Amino acid sequence: MKLPRTTLILILLALGLGGFVYFYEIRGATVREEIKEQKQQIFSFAADDVQSLTVKTKKLTLNLERSPESSNLKWLIKSPVSGPANDAIVSYLMDLLVKGKSERTLSTPAKELGEFALDQPQATINITLKNRQSHQFILGKSNFNGRFLYAQTDPAAKPDGNINVLLVSTDFANAVNRELSEWKQPVDNSQKLPPLTIPKPSPTNSK
C-alpha cells in the first residue's frame with residue numbers, strides 16, 4: 001500500500017528526530033561525560049592544610065598567613081603591610097586553588113613557555129602547607145578565545161623535556177589582580193562614630 005506523501009514526510013521527520021535524540025542525548029551524554037572526566041583537579045590539598053600564601057603580581061607582592069588565634073579572623077597580611085586580611089577575598093582565592101580543575105592539559109617543549117606568557121606571568125602564587133610542603137601556581141595569558149588561562153603547577157620538566165600547561169578558569173585572574181586595599185579587612189565605620197547624644201532642653205524660667 002502506498003502511503004500518502006504527508007504521512008511519509010512525517011515518518012521521516014520522526015526518524016530523524018529520534019536519531020538526533022539518540023546521538024545528542026544518549027550518545028552525546030556519554031561523550032560529554034568522558035570529556036568531564038578528563039578534567040583534572042589542580043591541587044589535592046584541602047583549604048585547612050594551607051598555612052601561608054604569597055601572591056605576586058606585576059604590581060604587588062602580598063604575603064598572607066593563617067591567623068594563629070581561634071577567632072573569626074582567619075588570615076593576616078604580613079607584608080607589605082601588617083594587619084588583618086579580608087577573609088572573603090582570601091577564601092575566594094583558596095576556593096579556586098582547592099576546588100579548581102584544569103579543563104585540559106597540554107604537553108609542550110619548555111622553550112615555548114613564552115607562547116603562554118608563563119615566562120613572564122601575570123601572577124605567581126607560592127603555597128606553604130602546615131606540613132611544610134610547598135606548591136607553586138603560575139598564571140599566564142588567556143587562550144585564543146579568552147575562555148581560559150594558561151597555567152603551570154609546580155613547574156618541572158618531564159623525562160621527555162616537555163612541560164605540562166593547564167587551561168584553567170579566568171576567575172583566577174579576578175582573584176589575584178587586586179589593589180592592596182582590597183586585600184585588607186574592611187573597616188567597620190560604625191565602630192568609629194561617636195555615640196549619638198540628644199541635647200537636653202534648656203531650662204526655662206517660670207514666672
Side-chain angles (χ1 to χ4, degrees), residues 35 38-47 49-66 74-83 85-185:
I35 294 173
Q38 289 175 4
K39 295 181 181 180
Q40 297 292 324
Q41 196 83 22
I42 297 175
F43 292 109
S44 60
F45 54 77
D49 296 333
V50 179
Q51 178 60 34
S52 64
L53 293 169
T54 298
V55 181
K56 183 178 181 181
T57 63
K58 293 183 177 180
K59 59 181 180 181
L60 177 67
T61 298
L62 182 81
N63 292 305
L64 297 161
E65 192 169 300
R66 189 178 292 277
K74 295 180 181 179
W75 290 93
L76 300 172
I77 300 176
K78 306 302 288 186
S79 68
V81 296
S82 296
N86 187 324
D87 283 337
I89 297 295
V90 180
S91 295
Y92 176 57
L93 174 58
M94 284 294 305
D95 197 56
L96 290 172
L97 291 171
V98 171
K99 299 180 182 178
K101 293 184 178 181
S102 64
E103 295 293 322
R104 191 151 50 98
T105 301
L106 312 173
S107 181
T108 185
K111 63 181 180 180
E112 295 183 3
L113 275 178
E115 297 293 326
F116 310 98
L118 291 168
D119 57 339
Q120 296 181 352
Q122 61 170 302
T124 300
I125 305 172
N126 291 309
I127 307 155
T128 303
L129 306 183
K130 293 177 180 178
N131 62 6
R132 301 297 181 182
Q133 288 184 2
S134 61
H135 296 276
Q136 190 175 59
F137 183 76
I138 301 174
L139 201 60
K141 68 178 183 180
S142 60
N143 69 333
F144 69 96
N145 59 14
R147 291 183 58 202
F148 302 105
L149 295 171
Y150 295 115
Q152 264 188 301
T153 59
D154 300 333
K158 298 185 294 182
D160 60 3
N162 286 357
I163 57 171
N164 284 337
V165 176
L166 313 180
L167 283 173
V168 301
S169 170
T170 55
D171 289 341
F172 278 102
N174 301 327
V176 296
N177 291 314
R178 299 179 179 275
E179 299 293 334
L180 177 60
S181 58
E182 295 181 78
W183 291 102
K184 295 179 181 179
Q185 185 185 50

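Nothing here was measured: the structure is a model prediction, and the numbers come from that model.
- Of the possible donor and acceptor atoms, one in the side chain of Arg66 sits under 3.5 Å from a partner among the backbone N and O of Val50.
- Between the side chain of Ser79 and the backbone N or O of Val81, no donor-acceptor pair lies under 3.5 Å.
- A side-chain donor-acceptor contact under 3.5 Å links Glu182 to the backbone of Glu179.
- Residues Asn162 and Thr108 have side chains that never bring a donor and an acceptor to within less than 3.5 angstrom of each other.
- Pairing each heavy atom of Val90 with each of Ala85, the nearest pair is CG2-CB, 4.1 Å.
- In this structure the side chain of Trp75 never reaches within 4.5 angstrom of the side chain of Ile89, judged on heavy atoms.
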Q) After noting the C-alpha distance and the side-chain angles of Gln152 and Leu113, does the key distance pass the side-chain contact (heavy atoms from CB on, under 4.5 Å) rule? A) CA-CA 10 Å; Gln152 264 188 301; Leu113 275 178; 3.6 Å; yes
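- To the nearest 0.5 angstrom, Asn63 atom CG is 9.5 Å from Leu53 atom CG.
- The aromatic rings of Tyr150 and Phe116 sit perpendicular, their planes meeting at an angle over 60°, well past the 30° parallel limit.
- Going from atom OG1 of Thr54 over to atom CD1 of Ile127 covers 10.0 Å, rounded to the nearest 0.5 Å.
- Side-chain contact annotation: Asn126 with Gln136, donor-acceptor N/O pair under 3.5 Å present.
- Of all non-hydrogen atoms in Ala47 and Val98, the two that sit nearest each other are N-CG2, 3.6 Å.
- For Asp95, the side-chain contact (heavy atoms from CB on, under 4.5 Å) criterion is met by Lys99, not counting sequence neighbours.
- With respect to Glu103 and Arg147, no salt bridge is recorded, no charged nitrogen being found less than 4.0 Å from a carboxylate O.
- Taken from CD in Glu65 to CD1 in Ile77, the straight-line distance is 12.5 Å, to the nearest 0.5 Å.
- In this structure, Leu139 and Pro121 have side chains that are not in contact, with every pair of non-hydrogen atoms separated by 4.5 Å or more.
- Among all heavy-atom pairs drawn from Pro80 and Leu180, the shortest one is CG-CD2, 4.0 Å.
- A side-chain donor-acceptor contact under 3.5 Å links Thr57 to the backbone of Leu60.
- One finds the CZ atom of Phe137 at 6.5 Å from the CZ atom of Phe43 (value rounded to the nearest 0.5 Å).
- For the atom pair Leu167 CG and Gln40 CD, the distance stands at 13.0 Å (nearest 0.5 Å).
- A donor-acceptor contact shorter than 3.5 Å is absent between the side chain of Gln51 and the backbone of Asn131.
- Enclosure of atom CD in Gln41 by more than 12 non-hydrogen atoms of other residues, nucleotides or ligands within 6.0 angstrom is indicated.
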Q: Output, in order, the C-alpha distance, side-chain angles, deciding distance and verdict of side-chain contact (heavy atoms from CB on, under 4.5 Å) for Ile42 and Val168.
A: CA-CA 9 Å; Ile42 297 175; Val168 301; 3.8 Å; yes
Q: Start with the C-alpha gap between Asn164 and Leu106, add the side-chain angles, then the distance that decides, and say whether side-chain contact (heavy atoms from CB on, under 4.5 Å) holds.
A: CA-CA 6 Å; Asn164 284 337; Leu106 312 173; over 6 Å; no
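- Going from atom CG of Leu149 over to atom CG of Leu118 covers 10.0 Å, rounded to the nearest 0.5 Å.
- For the residue pair Leu166 and Ser102, the shortest heavy atom distance occurs at CB-CB, 3.9 Å.
- No donor-acceptor pair closer than 3.5 Å links the side chain of Arg132 to the backbone N or O of Leu129.
- Contact of the Asp49 side chain with the Lys130 side chain is not registered, since no non-hydrogen atoms from C-beta on lie closer than 4.5 Å.
- Here the side chains of Pro155 and Ile138 are in contact, with some heavy-atom distance below 4.5 Å.
- A side-chain donor-acceptor contact under 3.5 Å links Gln122 and Asn177.
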